[in-house]
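Working notes for the structure below.
Reckoned from all heavy atoms, side chains included, excluding hydrogens, waters and symmetry mates. Counting starts at 1 for both ligands and their atoms, in listed order.
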Amino acid sequence: MAGIHTIQYCDSSSHDSVFAALSSPALRPVVLGFATIGVTFLSYKLFSFVRLLLSLFVLPGKSLKSFAANSNPRNSWAVVTGATDGIGLEFVNQLANTGYNIVVVSRTKSKLDLVAENLAAKHKGISTRSLAIDFSNAGQSDYAALSSLIQGLDIAVLINNVGRSHDIPVPFAQTPQDEVDAIVNINVHATLRVTSIVLPGMIQRKNGLVLTMGSFGGLIPTPLLATYSGSKAFLQQWSSALGSELSSHGITVELVQSYLVTSAMSKIRKASASIPTPKAFVTATLKSIGRSGGAQDFAHTSTPFWSHAVMQWFVGTFAGFTSSFVVSRNKVMHEAIRRRALKKQAGKKDR
Ligand SMILES: NC(=O)c1ccc[n+]([C@@H]2O[C@H](COP(=O)([O-])OP(=O)(O)OC[C@H]3O[C@@H](n4cnc5c(N)ncnc54)[C@H](OP(=O)(O)O)[C@@H]3O)[C@@H](O)[C@H]2O)c1
């Protein structure tokens, strides 16, 4: 008992002396300075979380119809790339539901024909044009064909959706050259070329929406998907810069950030709270045009799906997107995915 008393006595006396030192007139300005910094920092973080919630759940986005001539989508067109499956096909359907005429551009002619047929069956009075381009090796004649396809059309909305990732996570040094070239051609060159073709019309009519699919792979450096990650980071910077250039022309530019969505590319079929279906993802995207969602720190960018946005806020706030800790965790995760994918491939070969 005597020992315990002694320890308690020592503890409270050392606390007392710390408090005494901190409240001494000499240290008071320093303590006050640190307290002010702490309170300001916490208030800023609290404010940014409230902003996130308002952006996701309360404040409305720009109306999709506002980009059309006379706010009537029947007079205008939307161009969607990578339009026959996954997120792109969902953009097509939701834009058609709003009343836009649609230009669909994608790789496989038979799938494009099917999309056009379905649109015609579902939406009376909506016109569709389609063009098959393989963006992995598209040349001058492909882009010239796109230019003439949209000649004279009032293009109000461009959805730069087409994208390709690596077949499975793979170290850069082992990535087949044709895979690297295809990713850069599709994600970067095609996006730039298609945008260059569509923009002059939008600039002329001083209105329009250019929406480009980014990825958390571009936000967080992703080992074993290095080329995909770099290509999406390129789109992030390009789109933020383009948005600033075009705001004085009345054109809205938005890079859409996303974690996983169920699709052929993600190879995930079952939706969950953190992995939405294309339908849920595109609904959130088109409802929040012009709102940042979880992408407050990036100009002309939105992370529209609520769980992706919250994830982004926590990583950005507590770890940093490009910190060594986050990148190394990401590497461990993709090494595990690679191991599983190789095992699956080996299993298939054995059968
Ligand atoms: N799904 C995700 O988890 C996720 C996450 C973040 C970001 N994203 C981004 O979202 C976008 C759409 O992804 P998704 O998952 O919806 O993809 P998806 O389901 O695999 O659909 C891809 C679409 O692009 C077309 N396409 C593929 N290669 C092409 C090529 N070489 N030339 C022309 N068209 C081509 C496909 O046409 P065919 O059917 O003819 O091949 C298809 O219409 C991509 O930019 C992707 O990076 C996706």
Seminar exercise, completed: Sorted by chain and residue number, the residues with a non-hydrogen atom under 4.0 Å of ligand 1 are G82, A83, T84, D85, G86, I87, S106, R107, T108, K111, I133, D134, F135, S136, N161, V162, G163, I186, M213, G214, S215, Y228, K232, S258, Y259, L260, V261, S263, A264, M265, S266
Problem set entry | Worked check of side chain to side chain contact (heavy atoms under 4.5 Å, CB included) between Q140 and R193 | CA-CA 10 Å; Q140 201 53 42; R193 290 297 296 267; 3.4 Å; yes
Problem set entry | Neighbour count >12 (heavy atoms, 6.0 Å) for atom CZ, F57 | yes
Problem set entry | Heavy-atom donor-acceptor pair, R107 side chain to I133 backbone, under 3.5 Å | no
Exercise. Does a donor on one side chain sit under 3.5 Å from an acceptor on the other, for T262 and K270?
Worked result: no
For this session: Check whether any side-chain heavy atom of T303 lies under 4.5 Å from a side-chain heavy atom of Y259, and answer yes or no.
Result: no
Exercise. Are R51 and W313 in a cation-pi contact, defined as NZ or CZ under 6.0 Å from the six-membered ring centre and within 45° of the axis?
Worked result: no
